[in-house]
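Numbers here simply count residues along the sequence, with the first being 1. In this text, all values refer to a predicted model and were calculated from it rather than measured experimentally.
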Amino acid sequence: MSTSATSTEQRDSSTHIPRKSHLSHEQSPYLLQHSENPVDWYPWSDQAFELARTQDKPIFLSVGYSTCHWCHVMAHESFENEDIAEYLNENFVSIKVDREERPDVDRVYMAFVQAFTHHGGWPMSVFLTPDLKPFFGGTYFPPEDKYGRPGFKTILQRIAKLWNENREALISQSDQIMQGLQQHTGEASASGGAHSEVALQQPDKYLKLGAMKFMNQFDNVEGGFGDAPKFPRPSILNYLFRVYHMYKESDKEMETFADQILRACLLTLDKMANGGLKDHVGGGFHRYSVDEEWHVPHFEKMLYDQSQLVYSYLDAYVATGNEFYADIARETLSYVQRIMSNGDAFFSAEDADSKPTVDATHGVEGAFYVYEYKELKETISGGQEDDTLKMFCELYDCRPGGNVKPTSDPHGELKNKNHLIQRKTFEEVAKNYNRTTVEVQQMAKDALQKLLAFRQKRPRPHLDDKILVSWNGLMLGAFAKAGAILDNMEYIDVAEKCARFMRDKFYTDNGILMHSYRETIAPIEGYLNDYAFLIHGLLDLYEATGRIDWLEWAQTLQEKQNELFWDKKNHGYFEVTGKDKSILLRMKENYDGAEPAGSSVSAMNLARLGTLLGAHTFTSMAEQCLAQNEYLSRAPHAAPHAACALHQVAHSGRQFALVLPENTRIRESQETRQLLHLIQNRLDPAKSLMFKDEFIGMQHEYLKDATPKGGKSTVYLCEHGSCQQPVNSVEGLKKLLHEE
């Protein structure tokens, strides 16, 4: 149960830069964090590359992001160390990259690190030749030798020695790895092919196989799929809701399977919402849980998690009608509006670390979010051991010695601390204290408000306030979808305001999207995800508003995306345009992880646009995009969002066309909003919603003569080019949908 914070809740996104450095004029908060290091950092730039060539030095490339806990650790231990900095400056050209600002750089060298070490993560530490070829890499390195493993300074010394004495071997090793990467991930690869065409020929078979794989991984007690650490990965839930819809009215055996899928989705969402993954005091979700119980999280909050989880909770609400799930969506959106917005668009992330006290020199993970028992006692009940305190502590499992298990806190940062997790229901606590459920709910609400006021006096975590098109596309879509399903025009206004900001700030005169904004636009052109995620958001915004300009812009962006990123030889999309010659590999990504792959989102967009516009070219490209996805037939559970797109292609028959009387505005017409609300609140994930105007009428012959009946907003339910009798009332639409 989260509370809405007041407008006095403060953000801290400032970065103090007293000394001049090569990073001091950068926009990235991550680069600015390192501008005071004694390491002579350069941004990713021709200046740095030329310096490495001129001085014949290897490049040390450090990649991270501003809210990354282990990036902070390595910075404090090594990059603020004068001795290590001096050695780096003498023997290397050091380059610092924000992976969120330059995902193209991150992607290439992460592929190398994963091939080189069989694991990856951030901070990423890679050593390159002056012509940018990697020859050694890893992630976090401690400063000193420990447990028989070399520390960062020892690694630097060994690399420098090898560079001077055995350079040819290093370069030869690098060439071999890069050739392998080029063959498997670059333009020379031909992923998917005929193997994945099988999934298009038998979509329901492979959709079921993927669902069965997830159900085999499902934790029947704590929810989630797999063991700790547990990640939300909302695309899994969105996919399973689609499979549930496929089978919920099927034969008895498949109905049972559908019921099992629904239970898995709801238990997972319940455990995340009641657990420590959710911030019960201020709203929003943390990155992931380090334990099986969703209790102790990695505390950073990412915009892409908030947006995707809103979709998942809305799916649960539509599937069940349970207001609990709608409330979680509302609380998450409220958090984003308060903390992660400039009033027009959305910021990227909040840090995991914050200073435990105002005068502390370094941050501690989770310090902003956890409480000692005495703090709870003083804040909630004025220092008294009264029933209010006892009920709260029973509800949220708070204890005098703290509630964090040592196994979840290996560094002892959360010792004697309590991180809220709702292990009991309001009804259970009410029964134990002879109270009503409403009384306990009000007690919890009041106590959480007091904790919020107390917490606001603490130093806030750092806010990464750069604005990325890709993540804003996901977030504006979430606001639009929530506005449509919950009949909340304020959410739709937020989404439209963000879309206008994207168009005004990021969209150039020649039809190119830029990627990042912080006070001004960064000189970085958009990547595949920027186009794909924004198109996704615009399509949801069109369905929420009926405004044709959002659909037309989505179409225009899709055509530009096809021009810039489409692989004409093997189909599918590259992640970059290929213009930047410092990016050695032009790669594709089909794995749906914390964020869905741009190719998966693109396949969904193409399928939706194909239906909305009657454009067979887009539908064909969606099929080609899915055919090159190697996971769909071999491991569909690895590409759940692509599987959603496969479902969209295979089951996109039902189209709802709304015809409005002249001069009717949706927000001012209660009858129209009621019709839309009924359509939007059906769990029919592959349905399409269009608003008939001259443009749409031209795209669909069967809608050419569709008119509003009786001067009222009218719904035409169409399938495969023919429509049923139109209806112009809620009662008529319910009968049409067999929901009377």
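Checked against a 6.0 Å centroid threshold, the rings of Trp41 and Phe79 count as neighbours. A centroid separation of less than 6.0 Å is found between the aromatic rings of Phe299 and Tyr369. Between Phe225 and Phe231, the ring centre distance reaches or exceeds 6.0 Å. A ring-centre distance under 6.0 Å is found for His515 and Tyr527.
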Residue pair Leu61, Val63: steps toward the side chain to side chain contact (heavy atoms under 4.5 Å, CB included) verdict: CA-CA 6 Å; Leu61 172 65; Val63 181; 3.8 Å; yes

Evaluation steps, side chain to side chain contact (heavy atoms under 4.5 Å, CB included), between Ile171 and Asp175: CA-CA 6 Å; Ile171 294 175; Asp175 287 342; 3.8 Å; yes

Steps toward side chain to side chain contact (heavy atoms under 4.5 Å, CB included) verdict (Ile59, Leu132): CA-CA 8 Å; Ile59 292 170; Leu132 308 181; 3.8 Å; yes

Side chain to side chain contact (heavy atoms under 4.5 Å, CB included) assessment of Glu589 paired with Arg107: CA-CA 9 Å; Glu589 177 60 85; Arg107 181 82 169 87; 3.1 Å; yes

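Using a 4.0 Å cut-off between a side-chain N of Lys or Arg and a carboxylate O of Asp or Glu, Lys96 and Glu26 do not qualify as a salt bridge. A salt bridge between Asp104 and Arg99 is absent, with no side-chain N of the basic residue lying under 4.0 Å from a carboxylate O of the acidic one. Residues Glu222 and Lys271 are paired through a salt bridge, judged by an N-O separation under 4.0 Å between the basic side chain and the carboxylate. Electrostatic pairing of Lys417 and Glu372 counts as a salt bridge here, judged by a charged N lying under 4.0 Å from a carboxylate O.
Ring orientation note: the planes of His69 and His298 are nearly perpendicular, at an angle over 60° on the 30°/60° scale. In this pair, Phe127 and Phe136 present their aromatic rings tilted. The plane angle is within the 30 to 60° band. Between Trp70 and Tyr140, the two ring planes are tilted [angle within 30° to 60°].
Donor-acceptor pairing under 3.5 Å is recorded for the side chains of Tyr65 and Glu300. In summary, the side chains of Tyr30 and Lys466 do not present any donor paired with an acceptor at a separation below 3.5 Å, with no hydrogens or angles considered. For the 3.5 Å distance criterion, the side chains of His462 and Ser354 fail to qualify, holding no donor opposite an acceptor.
The backbone N or O of Asp351 lies less than 3.5 Å from no partner atom in the side chain of Thr67, so there is not a single donor-acceptor pair. Side-chain N or O atoms of Asp305 include none that pairs as donor or acceptor with a backbone N or O of Arg233 at under 3.5 Å. For the pair Asp592 (side chain) and Ala597 (backbone), a donor-acceptor distance under 3.5 Å is present.
Within the 4.5 Å cutoff, the side chain of Tyr335 has heavy atoms near those of the Lys301 side chain. Annotation: side chain of Ser28 is not in contact with side chain of Arg518 (no heavy-atom distance under 4.5 Å). Residues Leu468 and Asn529 fail the side-chain proximity criterion, which asks for heavy atoms closer than 4.5 Å.
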